[in-house]
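Here's the structure we're looking at; comments come further down.
Predicted, not measured: the structure shown is a model, and the values here were computed from it.
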Amino acid sequence: MPSQKKCATPGCFEIAYDNFYCDKCLDGRSPNKRGWVTNFEWIRAKLLRDDDYKTTFNRMLLNSDQLNSILDSYVYLFPEEAILQKKPPALKTKKTKKIFLSYASDDYLDIIPVYRQLKDWGHEPWLDKEKLLPGQTWEIEIEKAVERSDFFIAFLSKKSISKVGYVQKEMSIGLKYLTYRPIGTIFLIPVRLDDCAVPHTIKNIQWIDITSKDFLDKLFNAIEFEPT
């Protein structure tokens with residue numbers, strides 16, 4: 001009898017017989033090309049986590065109309081699921097704002113639900129993977145985007161605060177343009193993705209945790225806030 005084992009492709013939960021890969025993967029049908037994620041696949045992805053979870057969640061992003069329907073049935077384990085489950089569709093901004101999103105590339109999947117929510121509220125979030133065009137000088141474009149923004153959301157995690165590179169420079173750019181704003185206005189909004197320490201450069205600015213129950217309400221109110 002041929003031996004059975006899980007297919008070696010991340011995010012694929014088919015059975016491979018006497019092989020590392022299942023017939024679908026061998027035929028070139030990667031998980032991202034298979035449409036909606038089934039309940040079985042979603043549960044397995046949560047249990048296995050790591051690359052299986054990331055690939056499966058990315059597959060759900062490609063089928064955006066599935067996101068809320070499939071997550072309604074399960075208790076969330078990860079921050080991005082919390083965002084999707086607590087999404088208040090009735091809220092809409094009175095005035096569209098330009099919002100720069102600063103994050104570490106490792107946290108991309110965690111911040112995508114916030115990006116989607118901001119767009120649903122009627123704002124114009126700036127995300128490098130969506131806005132930067134081939135051939136553009138990304139350092140120049142990023143500074144332009146921060147300068148034109150009404151808000152700068154800094155996504156903080158253990159990975160981002162310890163990472164040496166442009167994510168730290170983005171924070172310094174955000175702090176620079178914060179000094180141009182009138183006293184009492186909100187511009188830089190720190191959002192913690194995990195229980196990381198808040199950098200000392202922004203310790204005097206109130207942050208919010210992405211996993212808190214009222215995260216979306218607080219974020220919405222901060223963006224809508226108008227000093228008297």
Kindly indicate whether the side chain of E124, heavy atoms from C-beta on, has any atom under 4.5 Å from the side chain of K97.
no

Considering non-hydrogen atoms only, spot the tightest contact between C12 and D52 and give its length.
N-OD1, 4.2 Å

Using the rule given for side-chain contact (heavy atoms from CB on, under 4.5 Å), can you reason through L156 versus M171, listing the C-alpha separation, both sets of side-chain angles and the distance that settles it, and then say yes or no?
CA-CA 10 Å; L156 309 174; M171 180 70 77; 3.8 Å; yes

Check for a donor-acceptor pair, side chain of R192 on one end and backbone N or O of F155 on the other, with a separation under 3.5 Å.
no

Please verify the inter-ring angle class for Y53 with F57; under 30° counts as parallel, over 60° as perpendicular, anything in between as tilted.
parallel

May I ask you to decide whether D106 forms a salt bridge with K159, counting only side-chain N to carboxylate O separations under 4.0 Å?
no

Quick one: does D209's side chain have a donor or acceptor within less than 3.5 Å of a partner on T211's backbone?
no

Is the shortest side-chain N to carboxylate O distance from E224 to K95 below 4.0 Å?
no

List the atom of D107, the atom of S157, and the distance in Å for their closest heavy-atom pair.
OD2-OG, 2.6 Å

Below 4.0 angstrom, N of the basic side chain to O of the carboxylate: do K144 and E147 qualify?
no

Taking F187's backbone N and O only, do any of them form a donor-acceptor pair with R181's side chain (distance below 3.5 Å, no angle check)?
no

W126, Y180: one ILVMFWY side-chain cluster at the under-4.5 Å cut-off?
yes

Counting only heavy atoms from other residues, nucleotides and ligands, does the tally under 6.0 Å from NZ of K33 exceed 12?
no

Looking at N221, I want to see if its CG is surrounded by more than 12 non-hydrogen atoms of other residues, nucleotides or ligands under 6.0 Å.
yes

Tell me whether K6 at atom NZ has more than 12 heavy atoms from other residues, nucleotides or ligands lying less than 6.0 Å away.
yes

With the 4.5 Å side-chain cut-off for hydrophobic clustering, are W207 and L175 part of the same group?
yes

Correct closest heavy-atom pair for L188 and A154 would be CD2-CB, 4.4 Å

Look only at the side chain of K92 and the backbone of D120, and say whether a donor-acceptor pair between them is shorter than 3.5 Å.
yes

Flag if over 12 foreign heavy atoms under 6.0 Å of NZ, K119:
no

Heavy atoms only: give me the nearest A222-F151 pair and the separation to one decimal.
O-CE2, 3.8 Å

Against the six-membered ring of Y108, is K129 placed for a cation-pi contact (under 6.0 Å from the centre, within 45° of the normal)?
yes

Would you call E14 and R29 a salt bridge, using N to O less than 4.0 angstrom?
no

Would D195 and K158 pass as an ion pair if we require N to O under 4.0 Å?
yes

Please evaluate residues I99 and D150 with respect to the criterion side-chain contact (heavy atoms from CB on, under 4.5 Å), reporting the C-alpha separation (whole Å), side-chain torsions for both, the decisive distance (0.1 Å), and the verdict.
CA-CA 6 Å; I99 304 172; D150 299 298; 5.7 Å; no

Do I15 and L26 belong together in a cluster built from hydrophobic side chains that touch within less than 4.5 Å?
no

Applying side-chain contact (heavy atoms from CB on, under 4.5 Å), run through F220 and L216 and close with a yes or a no.
CA-CA 6 Å; F220 182 85; L216 287 178; over 6 Å; no

Can you tell if the side chain of V146 reaches within under 4.5 Å of the side chain of E143, non-hydrogen atoms only?
no

Before you tell me yes or no, could you show the steps for I189 and F152 under side-chain contact (heavy atoms from CB on, under 4.5 Å), namely the whole-Å CA-CA distance, both residues' side-chain angles and the distance that decides it to 0.1 Å?
CA-CA 6 Å; I189 304 174; F152 181 104; over 6 Å; no

Close side-chain approach of F100 to E170, heavy-atom, < 4.5 Å:
yes

Say whether W138 and L133 are linked into one hydrophobic cluster, either directly or through other cluster members, by side-chain heavy-atom distances under 4.5 angstrom.
no

Answer yes or no: is there a side-chain heavy-atom contact under 4.5 Å between I223 and L118?
yes

Taking atom NZ of K131 as the centre, report whether more than 12 heavy atoms of other residues, nucleotides or ligands fall under 6.0 Å from it.
no

Under a 3.5 Å cutoff, is there a donor and acceptor pairing between the side chains of Y103 and D110?
no

Is it true that the side chains of E41 and T56 contain a donor and an acceptor less than 3.5 Å apart?
no

